Protein chains: 2
Amino acid sequence: MHQISISDAEWQVMNIIWDGQPLTSQEIVARLSNQTDWATPTIKTMLHRLVKKEVLTFEEQGNRYVYRSRVKRSACIKQASRAFLERVFDSEPAPLLAHFMQSTKLSAKEIAELRRILDDKER
Amino acid sequence: MHQISISDAEWQVMNIIWDGQPLTSQEIVARLSNQTDWATPTIKTMLHRLVKKEVLTFEEQGNRYVYRSRVKRSACIKQASRAFLERVFDSEPAPLLAHFMQSTKLSAKEIAELRRILDDKER
DNA sequence: TGTAGTTATTTACATCTGTAATCGATTAAG
DNA sequence: CTTAATCGATTACAGATGTAAATAACTACA
């Protein structure tokens, strides 16, 4: 199990796929067109690279491809978070959390939820 | 005020500099040798690029250079955090926070501190 | 004062990324 | 059956990044 490395642009593609899996490439193109103005071949290239990186698989369905992820989103998030933490915060999670909380608007509900998690952690 | 973009390796250099500023290049090399096994010219290259990116300045002091940052660490953290958030969490900060909290070991003291921040936020 | 050592500058190069044009194959429509 | 439209595959290309060798400039000692 080697290091997965998903680039910035690739994350956008993966988020679409994780949200709506399985998806054909046209569906992926369609959904991305809301967020980006990438040309279709650009997206195809990224799908290709993601397959090569073993992050995606596809099956043929007639003349079209249907894509699915091969890795769990949560695993990727975990890995990306760890990398970010190391890079920016020298691996100190608490200051990161503090910083994020401070600089983020949160609804009352969200605050309650976070508090609940802290309570949980305490035991 | 354009986008600053500091690469992974460059963050390691910047963290050293922000921690000990101002520093000569030998000092930087010495400190990095604890964390990395980069050759000296590699580090020089990065210093150069960081100067070019206008993230660092230097003054000559005899035959050596003394480096200083030109941007605040907090500003860079803020920017990197925003980029990370967008990339991985589709800009939803609350789930990110929840995820981090869940997957992180925290001391009682840190929990208390985070709770305090939440309390603060509530008013 | 010449030479070794130190420091900075220039050049190098493979890989990754963002971005896409073009080509080839297949399918659907006339 | 021929042709236009569609879809995937191949090729392209510039800029960023990781990594460092080679070279030039300067300084300090012999």
Side-chain angles (χ1 to χ4, degrees), chain A residues 2-17 22-33 35-68 76 79-80 83-84 86-88, chain B residues 2-17 22-33 35-68 76 79-80 83-84 86-88:
Chain A
H2 50 105
Q3 276 297 83
I4 302 155
S5 110
I6 299 174
S7 81
D8 221 319
E10 287 166 356
W11 263 96
Q12 287 190 68
V13 178
M14 287 308 296
N15 279 331
I16 296 282
I17 292 174
L23 293 173
T24 64
S25 53
Q26 321 93 85
E27 288 172 317
I28 295 167
V29 169
R31 297 188 191 195
L32 279 169
S33 74
Q35 312 172 18
T36 71
D37 52 357
W38 294 334
T40 304
T42 301
I43 297 169
K44 298 291 175 71
T45 299
M46 288 194 279
L47 290 172
H48 234 247
R49 287 179 184 168
L50 287 164
V51 169
K52 192 168 198 181
K53 288 184 181 179
E54 305 187 300
V55 171
L56 287 182
T57 6
F58 62 90
E59 297 161 41
E60 288 183 58
Q61 203 153 91
N63 61 329
R64 353 194 109 164
Y65 282 8
V66 179
Y67 290 89
R68 277 182 205 335
C76 292
Q79 207 219 254
F84 176 74
E86 237 166 69
R87 153 203 274 250
V88 173
Chain B
H2 50 102
Q3 277 296 87
I4 302 155
S5 110
I6 299 175
S7 81
D8 220 317
E10 286 165 359
W11 264 96
Q12 288 190 66
V13 178
M14 288 308 295
N15 278 331
I16 295 282
I17 291 173
L23 292 174
T24 64
S25 52
Q26 322 93 86
E27 289 172 318
I28 295 167
V29 168
R31 297 188 190 196
L32 278 170
S33 73
Q35 314 171 17
T36 71
D37 52 356
W38 294 334
T40 303
T42 301
I43 297 169
K44 297 292 176 68
T45 299
M46 289 192 281
L47 290 172
H48 234 246
R49 286 180 185 166
L50 286 164
V51 168
K52 192 168 199 182
K53 286 183 182 179
E54 306 187 300
V55 171
L56 287 182
T57 8
F58 63 91
E59 299 162 38
E60 288 182 60
Q61 204 153 89
N63 62 330
R64 355 193 106 168
Y65 283 6
V66 177
Y67 290 89
R68 280 184 198 349
C76 292
Q79 208 219 252
F84 176 73
E86 237 166 69
R87 149 201 279 250
V88 172

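All chains are named by letter (A, B, ...) in the order of the sequence lines, taking the proteins before the strands, and each is independently numbered beginning at 1. Fair warning: this is a prediction, and the values are worked out from it, not measured in the lab.
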Can you list the residues that meet the salt bridge (Lys or Arg N to Asp or Glu O under 4.0 Å) rule with A:R68, with sequence neighbours excluded?
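In terms of salt bridge (Lys or Arg N to Asp or Glu O under 4.0 Å), with neighbours along the sequence ignored, A:R68 is linked to A:E59.
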Only counting residues at least two apart or in another chain, list the ones meeting salt bridge (Lys or Arg N to Asp or Glu O under 4.0 Å) with A:R87.
B:D8
Taking only heavy atoms on the protein side, list every residue of residues 58-65 of chain A lying under 4.0 Å from any atom of DNA chain C, sorted numerically.
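A:N63 - these, ordered by number, are the residues of the stretch whose heavy atoms sit under 4.0 Å from the strand.
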Step-by-step side-chain contact (heavy atoms from CB on, under 4.5 Å) determination, A:I17 to A:L47:
CA-CA 10 Å; A:I17 292 174; A:L47 290 172; 4.1 Å; yes
Smallest separation among heavy atoms of [X] and [Y], with atom names:
{"X": "B:S5", "Y": "B:E10", "result": "O-OE1, 3.9 Å"}
{"X": "A:I16", "Y": "A:L23", "result": "O-CD1, 3.7 Å"}
{"X": "A:Y67", "Y": "A:S25", "result": "CE1-CB, 3.9 Å"}

For [X], give me all partners under side chain to side chain contact (heavy atoms under 4.5 Å, CB included), at least two apart in sequence or on another chain.
{"X": "A:V55", "result": "A:I4, A:I6, A:M14, A:L50, A:K53, A:V71"}
{"X": "B:A83", "result": "none"}
{"X": "A:S33", "result": "none"}
{"X": "B:T36", "result": "B:Q12, B:L32, B:W38"}

Separation of B:E27 atom CD from C:dT6 atom C1', in whole Å?
16 Å
Under the side chain to side chain donor-acceptor pair (under 3.5 Å) test, which residues partner A:E27, sequence neighbours left out?
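Testing A:E27 for side chain to side chain donor-acceptor pair (under 3.5 Å), a comparison that skips the adjacent residues, returns A:T24.
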Between B:T57 and B:V51, is there a side-chain heavy-atom distance shorter than 4.5 Å?
no
Under a 4.0 Å heavy-atom criterion, DNA chain D is touched by chain B from D:dT17 to D:dT27
Distances for protein N or O near nucleotides 14-17 of chain C N or O, under 3.5 Å:
unit_1 : atom_1 : unit_2 : atom_2 : d
C:dT17 : OP1    : A:S5   : OG     : 3.4
C:dT17 : OP2    : A:K53  : NZ     : 3.0

Tell me, which of residues 40-48 of chain A have any heavy atom that sits under 4.0 Å from an atom in DNA chain D?
A:K44, A:H48
